[in-house]
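For reference, the structure discussed in these notes is given below.
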Amino acid sequence: MPSEQEPIPITNLGLQELRQVRERVETDTQRLQQSRMQLQRVVTSFSESLKAIGTLKSAEQGQEILLPLSASLYISGNLESVDEVLVDIGTGYFAERPVDDAMDYCKRKAEKVQASIKELGQAIGEKQKVMTHINQVMMTKQEGQAQAQNQAKAGPSLKTIQE
């Protein structure tokens, strides 16, 4: 008796079971793709932050700037310091960092997220290979069922009649 942890060969599954497995793999693939898209937005955010921090290098203390309150709402202000910025280090915590350290932080975080995106891409590729294999097995089983039905409709073969 096989244990619950032993994988069952996909070719041993019936069509209904294969459909269920295919649905699960599709769901997993979609979830992974959504995660990858979210991570790509995070990389974009780090890139935009890096660009914004870079503009501080050419700015001067007291310079008038427009501060974004939202994507379409700005307020004017004056730069108090061009040497340090507040960096969001996660879960609502901010750290005051020199501009160069903040830029390095954004670069490192973007690289880590890029590595995660690459891993997700590989996992998605594996899921797609599994999906292709499932579809091939399903097609083979459906063709076998169709042939069996055609033979059943055709009646006994000549060989059976001669016997």
Side-chain angles (χ1 to χ4, degrees), residues 1-55 66-74 85-95 97 100-163:
M1 179 174 165
S3 73
E4 291 183 62
Q5 293 181 0
E6 279 186 38
I8 299 172
I10 200 163
T11 54
N12 292 352
L13 299 176
L15 278 173
Q16 185 62 31
E17 293 167 318
L18 285 170
R19 284 186 190 98
Q20 291 172 349
V21 171
R22 182 176 65 184
E23 286 176 16
R24 276 188 247 134
V25 172
E26 283 175 347
T27 301
D28 289 347
T29 302
Q30 290 171 353
R31 184 182 47 78
L32 290 171
Q33 288 171 336
Q34 289 171 350
S35 294
R36 182 171 62 178
M37 287 174 26
Q38 288 173 341
L39 289 177
Q40 287 170 336
R41 285 191 291 272
V42 169
V43 168
T44 300
S45 175
F46 278 120
S47 296
E48 290 171 357
S49 295
L50 191 58
K51 190 187 320 181
I53 295 169
T55 60
L66 291 175
L67 298 169
L69 295 178
S70 70
S72 61
L73 182 63
Y74 293 82
V85 294
L86 287 176
V87 177
D88 182 355
I89 56 175
T91 62
Y93 290 98
F94 292 84
R97 294 286 197 194
D100 289 336
D101 288 354
M103 290 180 77
D104 185 52
Y105 175 83
C106 288
K107 287 177 188 174
R108 282 194 328 266
K109 285 294 191 177
E111 288 170 0
K112 284 183 181 180
V113 174
Q114 285 285 20
S116 295
I117 289 171
K118 185 177 180 181
E119 289 174 15
L120 278 174
Q122 292 170 344
I124 290 168
E126 290 299 315
K127 292 285 184 185
Q128 289 171 338
K129 285 179 187 177
V130 169
M131 182 67 72
T132 300
H133 183 63
I134 290 170
N135 287 334
Q136 289 172 343
V137 170
M138 286 179 71
M139 189 167 298
T140 302
K141 287 187 179 267
Q142 288 169 341
E143 288 171 356
Q145 282 182 349
Q147 287 176 353
Q149 287 175 351
N150 288 340
Q151 287 177 353
K153 286 181 184 177
S157 66
L158 287 177
K159 186 175 182 182
T160 309
I161 295 174
Q162 290 174 353
E163 291 178 355

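Across every non-hydrogen atom of Ile124 and Gln33, the tightest pair is CD1-CG, 3.6 Å. Between Leu66 and Pro68, the closest heavy-atom pair is O-CD, 3.8 Å. Among all heavy-atom pairs drawn from Val25 and Lys127, the shortest one is CG1-O, 3.6 Å. Across Ile89 and Phe94, no two heavy atoms sit closer than the pair CG1-N, 4.3 Å. The two residues Ala110 and Val43 come nearest to each other via the heavy atoms O-CG2, 4.1 Å. Considering every non-hydrogen atom in both Arg36 and Ile117, the closest pair reads CG-CG2, 3.9 Å.
Atom OG1 of Thr55 and atom NZ of Lys51 lie 10.0 Å apart (nearest 0.5 Å). Rounded to the nearest 0.5 Å, atoms CG (Leu39) and CD (Gln114) are 9.5 Å apart. The distance from atom CE of Met103 to atom CG of Asp101, rounded to the nearest 0.5 Å, is 11.0 Å. Distance check, rounded to the nearest 0.5 Å: CD of Glu23 to CZ of Arg19 gives 9.5 Å. The CZ atom of Arg22 sits 13.0 Å away from atom CG of Leu13, with the distance rounded to the nearest 0.5 Å. Rounding to the nearest 0.5 Å gives a distance of 9.5 Å between CG of Asn12 and CD of Glu17.
By the neighbour-count criterion of 12 heavy atoms within 6.0 Å, atom CZ of Arg97 is sparsely surrounded, having that number or fewer from other residues, nucleotides or ligands.
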Review point. When you look at Asn135 and Met139, which way does the side chain to side chain contact (heavy atoms under 4.5 Å, CB included) test go after all the steps?
Key: CA-CA 6 Å; Asn135 287 334; Met139 189 167 298; over 6 Å; no
Exercise for review: Apply salt bridge (Lys or Arg N to Asp or Glu O under 4.0 Å) to the pair Glu126 and Lys129, showing each step before the final yes or no.
Suggested key: CA-CA 5 Å; Glu126 290 299 315; Lys129 285 179 187 177; 3.7 Å; yes
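Side-chain atoms of Leu69 and Leu67, non-hydrogen and from C-beta on, never get closer than 4.5 Å to each other. At least one side-chain heavy atom of Asp104 sits under 4.5 Å from a side-chain heavy atom of Arg108. Counting heavy atoms from C-beta on, the side chains of Val137 and Ile134 never come closer than 4.5 Å.
Side-chain atoms of Lys107 never come within 3.5 Å of backbone atoms of Phe46 as a donor-acceptor pair (strictly under, hydrogens ignored). Checked by atom type and distance alone, the side chain of Lys109 never pairs as donor or acceptor with a backbone atom of Val42 at under 3.5 Å. For the pair Ser45 (side chain) and Arg41 (backbone), a donor-acceptor distance under 3.5 Å is absent.
In this structure, Arg24 does not pair ionically with Asp28, as no charged nitrogen and carboxylate oxygen lie closer than 4.0 Å.
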